[in-house]
Amino acid sequence: MLDVVAVVALALLFGLAVVYAHGCDRLKGGRP
Amino acid sequence: MTQNGWLQIALFIAAVLFLARPMGSYMTAVFERRKTFLDPVVGPCERLLYRVTGVDPDQEMRWTQYAVAMLVFSAATLLLTYVVERLQAYLPWNPQHLPGVESSIALNTAISFTTNTNWQAYTPESTMSYLTQMLGLSTHNFWSAAVGLALAIAFVRGIARREMKTLGNFWVDLTRGTLWVLLPISIVYSLALVSQGVVQNLRPYDTVKIVEPQTVTGTDGKTSTVTTQTIAQGPVASQEAIKMLGTNGGGFFNANSAHPFENPTPFTNFLQMLSIFLIPAGLCITLGKMVHSPKHGWAVLAAMVVLWCAGTFTAYWAESQGNPLLHNVDARVTQTQSGGNMEGKEVRFGIANSALFATVTTDASCGAVNSMHDSFTPLGGMVPMVNILLGEVVFGGVGAGLYGMLVFVVMAVFIAGLMVGRTPEYLGKKIESFDVQMAMLYLLIFPLLILGFASIAVLMPNLGLSSLSNHGPHGLSEILYAYTSATGNNGSAFAGLSANTHWYNYSLAAAMFFGRFMMIIPMLAIAGNLAGKKIVPSSAGTFPVTTPLFTVLLTGVILIVGALTFFPVLALGPVLEHLLMRAGQLF
């Protein structure tokens with residue numbers, strides 16, 4: 001059970017990191 | 001402090017500076033894909049790898065693609081380590097028949113080694129099989145260092161390129177960093193370590209009869225007589241080499257580089273310290289060469305040396321003073337004893353090499369230790385902590401040190417621009433609001449994680465405080481050091497903190513993860529933005545980044561940012577502990 005939680009948590013964390021990268025990229029794009 | 005000690009410290013930094021130029025020139029050739037003497041040997045391996053994996057080495061990546069490739073690689077290798085740890089009982093090369101690693105430690109360790117931290121909440125020789133050490137951990141020592149190297153090169157390309165959208169190819173940088181830099185040096189280095197007595201085998205542990213049987217009392221109050229001792233073995237030399245060269249720091253044994261099988265002689269100790277700084281120092285020269293401003297590379301290296309000097313001198317001085325409350329102990333320096341504070345230090349290394357090692361390992365994001373930092377005097381122990389709190393930019397980790405330092409360079413140039421009322425420029429590139437926003441994000445995530453997690457641990461007695469061996473300001477130092485080490489991806493332990501609990505395993509894992517990836521992304525964003533900029537011709541108002549004035553400004557910015565952020569907590573920890581020690585109270 002803990003293994004499933006660990007794998008899901010890792011997937012979420014790395015997914016969050018990808019979203020964060022695109023967020024930073026969008027921040028630049030949104031600049032006047 | 002002794003002349004011999006100063007001589008060894010001087011010899012060490014002279015060797016680092018002597019090797020920086022050839023190392024930097026070599027890495028420039030490697031990452032610019034020019035000819036090197038290793039091409040006939042590793043060139044075919046590189047081409048084979050690209051063919052097998054389907055990588056097109058000429059395909060360039062935008063910074064977001066570079067970041068996603070790095071994240072995908074890190075996630076896949078992290079998962080591999082986790083699975084190997086959990087299943088080690090069913091896998092070969094486990095002569096001690098060790099069971100699978102418990103889930104929270106397995107996760108903590110997998111994140112730890114993936115992020116180049118190598119925080120170890122376990123005792124390696126009684127937890128990890130040989131296969132786990134080699135396939136799960138040693139491989140990460142190569143991969144995480146190669147990732148750092150690739151990221152630093154990507155940042156340097158961002159500075160060097162003009163009006164381009166790309167930073168290179170992550171897979172090519174990763175492969176070349178591993179095959180041309182880390183692997184060949186590690187092979188030669190491992191053999192040198194073996195020649196000095198570092199073990200390298202796959203034998204079961206030895207059991208020997210001890211000369212004088214010992215009567216011990218267990219935690220349950222029962223006494224027993226110990227007549228034998230287990231001596232752990234293993235493939236140590238091969239892991240030791242990349243552990244130091246890749247600024248990883250995770251020991252094969254729990255005692256790390258204090259263990260005689262990992263670091264048997266003063267010569268191996270010298271080699272280990274030298275190898276920590278070898279690549280980070282060389283990368284400064286690589287920076288200078290790739291941006292066509294060699295003097296800028298030397299100016300950045302000079303800032304690192306200045307900060308290294310300050311740390312080394314402070315630690316050496318503090319440890320040489322010893323503990324003033326030990327009235328009946330002869331702490332004088334003689335031909336037969338080191339003098340000073342020898343608690344937690346190896347006699348074969350003495351004060352100078354212990355203080356120097358502690359400074360070097362925390363300047364870089366290595367985290368290997370040859371003495372117990374928890375046993376240092378309050379000010380001596382503050383030095384390793386401050387080194388990490390400054391962002392590990394004093395040489396720093398493989399790649400991580402240089403890109404961290406370059407973020408500070410962006411800030412220094414920005415501040416210089418504010419002082420004279422001009423748009424800041426860095427090597428002809430205008431530093432604009434997006435660059436500064438990302439730099440600030442990079443700089444703020446670090447203290448937010450350290451102070452945030454440390455505050456939660458301090459405020460929750462059942463979670464954070466119950467693991468402490470010492471209370472008062474020393475206890476605060478132990479908690480602060482743990483989160484500093486994790487967030488800074490250093491991995492050294494202050495000790496005194498029983499960190500193998502669910503709270504510490506998960507919270508430190510989170511600190512390591514966010515401290516690595518949440519800082520890399522804004523750094524790559526700056527690099528990607530810089531790569532797309534035009535070069536502005538320099539004028540009389542351009543702030544030169546090749547002069548001693550720049551070195552002083554850069555050093556000042558690093559110290560001021562660090563002091564403004566962390567002085568209050570340092571005042572409550574090691575500074576208060578030092579003052580109370582002077583007043584006669586120990587913790």
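Each chain gets a letter, A, B and so on, in the order the sequences are listed, and its residues count up from 1. Nothing here was measured: the structure is a model prediction, and the numbers come from that model.
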Closest heavy-atom pair and its distance - B:Met438, A:Cys24: SD-SG, 3.8 Å

Using heavy-atom distances under 4.5 Å, tell me whether B:Leu78 contacts chain A through its side chain, its backbone, both, or neither. side chain

Where does B:Ser104 contact chain A at under 4.5 Å (heavy atoms): side chain, backbone, both or neither? neither

Counting heavy-atom pairs under 4.5 Å with chain B, which one of A:Val18, A:Leu16, A:Leu13, A:Leu10 comes out on top? A:Leu13

Assess the pair B:Phe517 and A:Tyr20: is the distance between their ring centroids shorter than 6.0 Å? no

Can you tell me how far the NZ atom of A:Lys28 sits from the CG atom of B:Asp435, to the nearest 0.5 Å? 9.0 Å

Should B:Trp63 and A:Asp25 count as side-chain neighbours, where that means a heavy-atom distance under 4.5 Å? yes

Tell me, for A:Val5 versus chain B, whether the close heavy atoms (under 4.5 Å) come from the side chain, the backbone, both or neither. neither

For atom CZ of B:Phe408, decide whether the heavy atoms of other residues, nucleotides or ligands shown that lie under 6.0 angstrom number more than 12. yes

Which pair of heavy atoms, one from B:Ile521 and one from A:Ala21, lies closest together, and at what distance? CG2-CA, 3.5 Å

Give me the contact list for residues 145-162 of chain B versus chain A, heavy atoms only, anything under 4.5 Å, ordered by residue number. none

Portion of B:Leu107 that has a non-hydrogen atom of chain A nearer than 4.5 angstrom: side chain

Hey, are the side chains of A:Asp3 and B:Ser103 touching, using non-hydrogen atoms and a 4.5 Å cut-off? yes

I'd like to know which of B:Val68, B:Leu524, B:Leu79, B:Leu441 tops the heavy-atom pair count under 4.5 Å against chain A. B:Leu441

